[in-house]
Amino acid sequence: VALLLINNGADLNAVNKDGNTALTWACGKNLTEVALQLINNGADLNAMGKDGRTALMLACSDGHAEVVYLLINEGTDLNAVNKDGKTSLTLACSNGHAEVALQLINNGADLNVVDENGNTALMVVCNKGSSEVAFAIINKGADLNTTNKDGKTALMLAYMKDHCIVAALLINNGADLNAVNKDGNT
């Protein structure tokens, strides 16, 4: 159907009531071949829906690794931010999609972007407990001691959720053991 529409001159960047394009829809549905056809025919890689989400953000939220790989190779913006201040990386991390998060990290996603609550990707990972992704983010040089709006660091978040392996990674890589949150707690 996509080829039929493309071959008959359909506007590939037209949006539905949610502001999403055909590419955004295809990526959210994990339709890699359809996404490739749309991209090859001029679809906007970085179009944002009304909620500020891009095709990459939708694919990352749902863990569609093959679509993410395609979008990265086609040059999509890895660091676009939605209306909540979330990036593709923080969405992948918050939904537990380690493979997708690692693709983004290894392709240069900004590790220190903060969302509306002041959380970085590392903080999100520490809250979820993914040691593999935490390790990758730490090794790429993320700031270990950034604080969110509550004054919490990644180490505090890992400790609060009892994610001992992630906490150990942070400590072994120089996280501040004496940081104090806004309530005066370490």
Side-chain angles (χ1 to χ4, degrees), residues 19 24 27-28 45-65 68 71-72 75-186:
T24 305
C27 292
L45 285 171
N46 298 306
M48 291 186 167
K50 288 180 183 175
D51 58 2
R53 294 193 308 170
T54 64
L56 181 63
M57 290 177 188
L58 287 173
C60 289
S61 291
D62 292 335
H64 301 317
V68 171
L71 292 169
I72 290 171
T76 193
D77 182 359
L78 300 181
N79 300 310
V81 178
N82 71 12
K83 290 187 177 182
D84 298 325
K86 293 180 175 27
T87 64
S88 296
L89 179 58
T90 54
L91 291 167
C93 291
S94 66
N95 289 300
H97 301 302
E99 179 184 357
V100 170
L102 292 170
Q103 282 187 58
L104 295 165
I105 293 163
N106 292 329
N107 281 282
D110 187 341
L111 305 175
N112 295 311
V113 174
V114 295
D115 66 18
E116 65 183 3
N117 297 312
N119 292 311
T120 64
L122 180 60
M123 291 173 172
V124 172
V125 167
C126 289
N127 198 37
K128 291 290 183 180
S130 173
S131 57
E132 179 183 19
V133 178
F135 181 78
I137 291 174
I138 291 166
N139 281 339
K140 288 286 185 176
D143 185 343
L144 304 183
N145 298 307
T146 297
T147 56
N148 64 16
K149 287 186 177 179
D150 294 326
K152 295 175 184 164
T153 65
L155 179 58
M156 290 174 187
L157 294 169
Y159 174 78
M160 290 169 55
K161 294 286 187 160
D162 203 26
H163 297 306
C164 298
I165 294 172
V166 175
L169 281 170
L170 291 162
I171 292 167
N172 291 335
N173 283 280
D176 184 358
L177 299 175
N178 300 307
V180 178
N181 69 14
K182 72 177 187 175
D183 297 323
N185 298 316
T186 56

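Since we're looking at a predicted model, the values are computed, not measured.
Shortest non-hydrogen contact noted between Leu155 and Ala175 is CD2-CB, 4.2 Å. Counting all heavy atoms, side chain and backbone alike, Lys152 lies closest to Met123 at O-CE, 3.4 Å. In terms of heavy-atom proximity, Asn82 sits nearest to Arg53 at ND2-CG, 4.0 Å. Nearest heavy atom pair, residue Ala101 against residue Val133, reads CB-CG1, 4.0 Å. Across Lys140 and Ile105, no two heavy atoms sit closer than the pair CG-CG2, 3.5 Å. Residues Val166 and Ser130 share a closest heavy-atom pair of CG2-C, 4.1 Å.
Although no hydrogens or angles enter the test, the distance criterion places no donor-acceptor pair under 3.5 Å between the side chain of His97 and the main chain of His64.
By the 4.5 Å heavy-atom criterion applied to side chains, Asp77 and Leu45 are not counted as neighbours. Side-chain atoms of Leu56 and Leu78, non-hydrogen and from C-beta on, do get closer than 4.5 Å to each other. Looking at Val113 and Val81, their side chains come closer than 4.5 Å, going by heavy atoms from C-beta outward.
Rounding to the nearest 0.5 Å places CG of Leu122 at 8.5 Å from OG1 of Thr146. Separating the OG1 atom in Thr147 from the CG atom in Asn119 is a distance of 10.0 Å, to the nearest 0.5 Å. Here the OG-NE2 distance, from Ser131 to His163, works out to 10.0 Å after rounding to the nearest 0.5 Å. Going from atom NZ of Lys182 over to atom NZ of Lys149 covers 10.0 Å, rounded to the nearest 0.5 Å. A distance of 12.0 Å separates CG of Asp110 from CG of Leu104, quoted to the nearest 0.5 Å. Of the inter-residue distances, the one linking Asn173 atom CG with Phe135 atom CZ reads 7.5 Å to the nearest 0.5 angstrom.
Asn46 pairs by the side chain to side chain donor-acceptor pair (under 3.5 Å) definition with Thr76, not counting sequence neighbours.
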Check step by step if side-chain contact (heavy atoms from CB on, under 4.5 Å) holds for Asp62 and Asn95. CA-CA 7 Å; Asp62 292 335; Asn95 289 300; over 6 Å; no
Please lay out, stage by stage, how Thr153 and Asp176 fare under the test side-chain contact (heavy atoms from CB on, under 4.5 Å). CA-CA 9 Å; Thr153 65; Asp176 184 358; over 6 Å; no
Quick one, Lys86 with Asp84, criterion salt bridge (Lys or Arg N to Asp or Glu O under 4.0 Å). Give me CA distance, side-chain angles, the key distance, then yes/no. CA-CA 5 Å; Lys86 293 180 175 27; Asp84 298 325; 5.3 Å; no
Between Thr90 and Asp115, is the side-chain contact (heavy atoms from CB on, under 4.5 Å) condition met? List the steps. CA-CA 8 Å; Thr90 54; Asp115 66 18; 5.6 Å; no
List the steps and the verdict of side chain to side chain donor-acceptor pair (under 3.5 Å) for Asn148 and Asn117. CA-CA 6 Å; Asn148 64 16; Asn117 297 312; over 6 Å; no
Determine whether Leu144 and Ile138 satisfy the following criterion, side-chain contact (heavy atoms from CB on, under 4.5 Å), listing intermediate values before the conclusion. CA-CA 7 Å; Leu144 304 183; Ile138 291 166; 3.7 Å; yes
